[in-house]
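In what follows, a structure is listed as structure tokens, so that the remarks can point back to it.
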Amino acid sequence: MTRSEGRVSAPAHTPAHPHHSDLAGLALRARAGVPGAMDTLFALTRADVARYIARRVDPAWVEDLTQETFHRAMRGLPRYAGRAPVRAWLLAVARHTVADRYRSRERAPRTEPVEDWERALGPGAAAPGRFDEYLALVSLLENLPEERRTAFVLTQVQQVPYAEAARITGVPIGTVRSRVARSRRDLARLLREAA
């Protein structure tokens, strides 16, 4: 992956959206150190990662957090075994990157009045008062099997349409719906047990 002044740059040409198994193969080649594989993987998935992040943070943070997500993904690539769809794996990395940014802001001294937070975070971002609920949800989601967690996060948290979630994960739309329904049931049970 090309870096200049700490930034990760994608190749000028971005190929069409490949199937998730093509991305998994590409990620495994990048893990093996095949020249250009990481650049191509970055180019093919950058828009998805940036769009995911943009729904959750101040617009001024999007580029920085997208870069940080890919730097973390590069560091974590040796542990990627190809079992999860690459986009879902990258979005999980992005989720942790966003959460870490909010955690670091929570530790920093507050410099704006609370009523200005919604404006500062931008439309669609989680309100600071609900961040603890977000962390609790993340913790509960870790208890779900990976394929159900992926389906639930894509459709219920990221608001990805079911058809798009089916394309991303490479399963029929009915399977996505079933996984989401089972996840809801399991999460409700976990919430009852935690109460």
Side-chain angles (χ1 to χ4, degrees), residues 1 8 10-11 13-57 62 65-100 124 134 137-187 190:
M1 182 170 292
V8 180
H13 171 68
T14 303
H17 263 287
H19 188 267
H20 72 94
S21 61
D22 297 334
L23 288 176
L26 190 57
L28 294 173
R29 287 193 298 281
R31 185 181 75 176
V34 174
M38 193 65 196
D39 285 334
T40 304
L41 181 64
F42 174 77
L44 292 172
T45 56
R46 186 184 191 293
D48 292 329
V49 170
R51 189 169 37 254
Y52 170 84
I53 292 171
R55 291 189 200 134
R56 286 153 180 80
V57 301
V62 174
L65 291 179
T66 300
Q67 293 288 333
E68 176 63 21
T69 295
F70 280 97
H71 285 296
R72 288 182 181 202
M74 283 174 29
R75 289 192 307 269
L77 203 51
R79 294 184 305 277
Y80 179 73
R83 289 188 296 272
V86 173
R87 282 192 182 91
W89 171 65
L90 285 171
L91 294 181
V93 175
R95 181 186 80 215
H96 290 292
T97 303
V98 168
D100 287 349
Y134 167 77
L137 175 62
V138 169
S139 177
L140 288 174
L141 286 171
E142 295 299 325
N143 293 298
L144 297 177
E146 188 170 347
E147 70 278 354
R148 282 197 265 152
R149 179 173 58 241
T150 298
F152 185 87
V153 168
L154 283 172
T155 60
Q156 307 305 300
V157 178
Q158 300 169 10
Q159 301 298 309
V160 172
Y162 280 83
E164 176 69 6
R167 187 188 65 75
I168 289 170
T169 57
V171 299
I173 193 169
T175 301
V176 173
R177 290 184 190 283
S178 172
R179 289 176 179 175
V180 170
R182 291 176 67 195
S183 295
R184 282 186 181 138
R185 194 168 54 246
D186 289 349
L187 288 170
L190 290 167

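Computed from heavy atoms alone, side chains included, the values below leave out hydrogens, waters and symmetry copies. Keep in mind that what you see is a predicted model, and the values were worked out from it rather than measured.
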Does any N or O in the side chain of [X] come within less than 3.5 Å of the main-chain N or O of [Y], such that one atom is a donor and the other an acceptor?
X	Y	value
Arg31	Tyr80	yes
Arg29	Val34	no
Thr97	Val93	yes

Counterpart residues, salt bridge (Lys or Arg N to Asp or Glu O under 4.0 Å), relative to [X] (two or more places apart):
X	answer
Arg177	none
Arg79	none
Arg148	Asp186

Grab the two heavy atoms, one from Ala166 and one from Pro172, that are nearest each other, plus how far apart they are.
-> CB-C, 4.0 Å
Which heavy-atom pair separates Val62 from Ala54 by the least distance, and what is that distance?
->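 Smallest interatomic distance, heavy atoms only, reads CG2-CA, 3.6 Å.
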Side chains of [X] and [Y]: does their closest heavy-atom pair fall under 4.5 Å?
X	Y	answer
Leu187	Phe152	yes
Leu26	Val86	no
Val171	Glu147	no
Arg56	Leu65	no

Criterion side-chain contact (heavy atoms from CB on, under 4.5 Å) on Leu77 and Met38, from CA distance to verdict = CA-CA 10 Å; Leu77 203 51; Met38 193 65 196; 3.8 Å; yes
List for me each residue that meets side chain to side chain contact (heavy atoms under 4.5 Å, CB included) alongside [X], sequence neighbours excluded, and say none if there are none.
X	result
Ala165	Leu154, Thr155, Val160, Val176
Ala181	none
Ala73	Trp89, Leu90
Arg185	Arg182

Test log, rule side-chain contact (heavy atoms from CB on, under 4.5 Å), inputs Thr69 and Ile53 | CA-CA 10 Å; Thr69 295; Ile53 292 171; 3.6 Å; yes
Measuring from atom [atom1] of [X] to atom [atom2] of [Y], what distance do you get when rounded to the nearest 0.5 angstrom?
X	Y	atom1	atom2	answer
Glu164	Gln159	CD	CD	13.5 Å
Thr40	Asp22	OG1	CG	12.0 Å
Arg51	Arg55	CZ	CZ	6.5 Å

Identify the residue among Asp48, Thr45, Thr150 that makes a side-chain hydrogen bond (donor to acceptor under 3.5 Å, both in side chains) with Arg87.
-> Asp48
Residue list, side-chain hydrogen bond (donor to acceptor under 3.5 Å, both in side chains) with Gln156, at least two apart or on another chain |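 For Gln156 the side-chain hydrogen bond (donor to acceptor under 3.5 Å, both in side chains) partners, ignoring immediate neighbours, are Tyr162, Arg184.
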